[in-house]
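Below is one structure, written out as C-alpha cells; the observations come after it.
The sequence lines fix the lettering, A, B, ..., with proteins before strands; numbering per chain opens at 1. Small disclaimer: the values here were computed from a predicted structure and weren't measured. Worth knowing before you read on, the calculation uses all heavy atoms, side chains too, and leaves out hydrogens, waters and symmetry mates.
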2 protein chains.
Amino acid sequence: MTEATRRERLRVETEREIRQAARALLVESGRDAVTLRAIARKLGITAPALYRYYDSHDALLRQLCDDICADMEGVLYAALAADTSGQVGCQVRAVCRSFRRWALAHPQEFALVFASPRDPLGADQFGAVFLQLAGRLIASNLVAKHADDEVPEVLHEDLVRFQQVLMAAVSVHGVTIEEDVLNLGKIYHVVQSWVRLYGHVALEVFGRFPFAVSNPEPMFDSMLDQMLMDIGFQDE
Amino acid sequence: MTEATRRERLRVETEREIRQAARALLVESGRDAVTLRAIARKLGITAPALYRYYDSHDALLRQLCDDICADMEGVLYAALAADTSGQVGCQVRAVCRSFRRWALAHPQEFALVFASPRDPLGADQFGAVFLQLAGRLIASNLVAKHADDEVPEVLHEDLVRFQQVLMAAVSVHGVTIEEDVLNLGKIYHVVQSWVRLYGHVALEVFGRFPFAVSNPEPMFDSMLDQMLMDIGFQDE
DNA sequence: CGGTTTCAGTGAACGGTGTTTACAAGAGTT
DNA sequence: AACTCTTGTAAACACCGTTCACTGAAACCG
C-alpha cells in the first residue's frame, strides 16, 4: 500500500518535525525565537538543510500560520461537536467561547495569525468553522428577519461576495440554504458579530482594555449575550 | 532662561533624532527593520553609542510605542477640535473616523501599539482622547439611560475602576460629571463601543474580514451608526 | 550487478543583528 | 591646569538568514 520510498518517508517525517519545532519555539519564546538555526538545533541538523524544505524563513513562517489555523479549526470543531444540545444558540456560544479560550492560551499564535500586517487570509485559511457556523446559524432561520434595505447599497456588492463564500462553506458539508433565508441583512449582522467577537478577544489577549479587568470571563459572556440579542437570535 | 549646558542640549537633540530615525524605519520597513545599527547609521554614529540613551533594544521599542501613542493622541485631538458642530454625536464620529484613518495609514505603528503581546498599556499611555471623549459623551447626558442592573454584578468591580479612570480623565480638563449621570450601565456601553471600534479597525488593518472588502469606508460608517444607535445615543 | 543520477545534509563563508568591553577625547567643574 | 563626567569609538562575541561547493547515501537504470 505504502508506495513511498524510504527517502520519501524520511522527508515527510523531517518536515513534520520542522513544523513541530517551529511551533514549539513560537509558543515558548515568541515570534522572534522562531529561527532557522534554532529549529535546526532542535532537529540535530544544520540550518542550511532547512532550505531543502522551505525557500526561506518567511515561507516557513507562512507554513506555520497554516498549521496554526488548521489546529485552531480542529479545536473549534471539537467544541462544536461537544455541544449536544442541538440548539444553534448553544453552538454559537460554544464555538465563540472556544475561540476566546484558544486565543488566550495561545497568544503568540493568535498574534501571528490574526494580528500581523501580512497578506490577507485566504477564505480557506480563514477558520472555516466560523463560516460553517455562520451558515448554520443563518440556515436555522432563528435569526430575526433583517430587511435587505437596512444595509447601505454600497455594501451590497461585498456582502454578496461573502454570501457566496458562506454558501460554498456550508455546501461542502452537504447543507444547502434557501436563497431567501440567506438575505443580506442577516449576512451583515454576521459580519458585525465577527467584529465584536474578534474585537473582544483581541483586546483581551493584548491587554488593551482601558482598565484592568479582573473578571474577563463573565465580561466576555455578557458581550456574547448582547451579541446574540442584537442579531435578533431567538432561543429555541 | 535656558539653563541647559551645551552637552545637555546636544543630548536631547540626539535623543530626538534617535526616536525620529526609529520611527522612520518602522514606517518604511516594518518592525523588524527598527535595528540599533540601522538607527545608528541614520545618525552617523555607531550602534553601541545608543546604549548611552537606552538600556536595550527593547527599551527603545517601548519608547517608540510611547511616542506613537502621543502622536496618535495629537491626531485624534486635532480631529476633535476640527469638529465645530458642537454636537457630541459628530465629535464621536470624527474621533472614531480619525482613529480608523490613522490606523490604516500607519499599520506598523498600529500593530506595534495595539496588537502586540506585550505588557498592558498604562491608562496614561492609552489614548487619553478616547477617555476624554467617552467622559464627554456620558457627561452630555445624551446617551439613553441604561439601568445599572442590566450589567452582571461580577462586572461591577471592574466597571467602577473604569468609572474612576474616566472621572480622572475628564477632571484633568476641568469638567466634572455628576455621580448619577456616570452610571455603570452607560460605562458598560462605552466599553462595548470600544470593542466594536477596535475590532473593526483591527480587522481592516490586518485584512482579516472573511471576504474581500471593496468599500471599507461606508462599511465602517455603517458600523459607527449602528454603534451609536445601540448605545442609545440621541441626536441633538 | 555496476554505473549514474538525485538529493538531504554539511561546513565555510558573507553580511547582518544585539550587546559588552576597554578605551579615547571632549565638556564641565574645581 | 588638573580632574571628573559624558559621549562616542573600535573590537569582539554569539547569534541570525542565506549562498555555495561539496559529500555520501538512496534511488534508478541498463
Side-chain angles (χ1 to χ4, degrees), chain A residues 1-65 108 112 116 118-119, chain B residues 1-65 108 112 116 118-119:
Chain A
M1 205 56 190
T2 58
E3 298 282 356
T5 67
R6 170 174 156 76
R7 249 207 315 228
E8 281 166 335
R9 275 184 291 107
L10 283 179
R11 184 180 178 81
V12 301
E13 174 62 16
T14 304
E15 191 162 349
R16 204 188 54 77
E17 284 180 31
I18 293 175
R19 298 180 182 199
Q20 184 179 310
R23 189 68 170 280
L25 284 166
L26 176 66
V27 172
E28 291 162 15
S29 319
R31 206 202 73 147
D32 293 347
V34 184
T35 281
L36 289 186
R37 286 185 147 94
I39 295 171
R41 265 194 302 271
K42 283 211 172 201
L43 299 212
I45 60 178
T46 59
L50 294 174
Y51 282 82
R52 302 288 174 195
Y53 299 86
Y54 297 96
D55 286 343
S56 67
H57 181 241
D58 204 61
L60 199 149
L61 274 189
R62 262 194 293 276
Q63 172 65 248
L64 183 54
C65 280
Q108 301 289 354
L112 189 64
S116 293
R118 307 175 63 86
D119 36 73
Chain B
M1 206 55 190
T2 58
E3 299 283 355
T5 68
R6 169 174 156 76
R7 235 185 353 209
E8 281 166 333
R9 275 184 291 109
L10 282 180
R11 184 179 177 82
V12 301
E13 174 61 17
T14 304
E15 191 163 349
R16 204 188 56 77
E17 283 180 32
I18 293 174
R19 298 179 182 201
Q20 182 178 312
R23 188 67 170 280
L25 284 166
L26 176 66
V27 172
E28 290 163 14
S29 318
R31 208 202 73 147
D32 293 347
V34 184
T35 282
L36 289 187
R37 286 186 147 92
I39 296 171
R41 266 195 301 272
K42 283 212 174 202
L43 300 212
I45 61 178
T46 61
L50 295 174
Y51 282 82
R52 301 292 175 190
Y53 299 86
Y54 296 96
D55 286 343
S56 68
H57 181 241
D58 204 62
L60 199 149
L61 274 189
R62 261 194 295 276
Q63 172 65 248
L64 184 54
C65 280
Q108 302 287 355
L112 190 64
S116 293
R118 308 175 64 85
D119 37 73

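Relative to the side chain of A:Thr14, the nucleotides C:dA12, C:dT17, C:dG9 differ in distance, and C:dG9 lies closest. Side-chain atoms of B:Pro48 lie closest to D:dA10 of the nucleotides D:dT18, D:dA10, C:dG18.
For the pair A:Glu13 CD and C:dA8 C1', the interatomic distance rounds to 15 Å; values are reported in whole Å. When rounded to the nearest whole Å, the span between CZ of B:Arg41 and C1' of D:dT9 equals 16 Å. When rounded to the nearest whole Å, the span between CG of A:Leu50 and P of D:dT19 equals 13 Å. Nucleotide D:dT18 holds its C1' atom 12 Å from the CG atom of A:Asp55, rounded to whole Å. Atom-to-atom, OH of B:Tyr54 to C1' of C:dT19 comes out at 18 Å; the value is rounded to the nearest Å. Atom CD in B:Glu15 sits roughly 16 Å away from atom C1' in D:dG8 (whole-Å rounding). Summarising the geometry, the separation between CZ on A:Arg11 and P on C:dA8 is reported as 4 Å, rounded to the nearest angstrom. In this structure, the CG atom of A:Asp58 is 8 Å from the P atom of D:dT18, given to the nearest Å.
For the OP1/OP2 pair of D:dG8 and a distance below 4.0 Å, the side-chain nitrogens and oxygens of B:Thr46 include no atom meeting the criterion. OP1 and OP2 of D:dT18 both lie 4.0 Å or more from every side-chain N or O belonging to A:Arg52.
Looking at A:Val12 and A:Arg16, their side chains never come closer than 4.5 Å, going by heavy atoms from C-beta outward.
Here the CG-CD distance, from B:Leu10 to B:Glu13, works out to 8.0 Å after rounding to the nearest 0.5 Å. The CG atom of B:Leu64 sits 9.5 Å away from atom CG of B:Leu25, with the distance rounded to the nearest 0.5 Å. Expressed to the nearest 0.5 Å, how far CD1 of B:Ile45 lies from CG of B:Leu50 amounts to 4.5 Å.
Residue whose closest nucleotide on DNA chain C sits further toward the 5' end, between A:Arg37 and A:Ala49: A:Ala49. Comparing A:Ile45 and B:Tyr51 by the nucleotide of DNA chain C whose heavy atom lies nearest to each, the residue mapping closer to the 5' end is A:Ile45.
Residues B:Ala40 and B:Thr46 come closest through the heavy atom pair CB-C, 3.5 Å.
Nucleic acid contact for A:Tyr53: sugar-phosphate only, since backbone atoms but no base atoms lie under 4.0 Å from a heavy atom of the residue.
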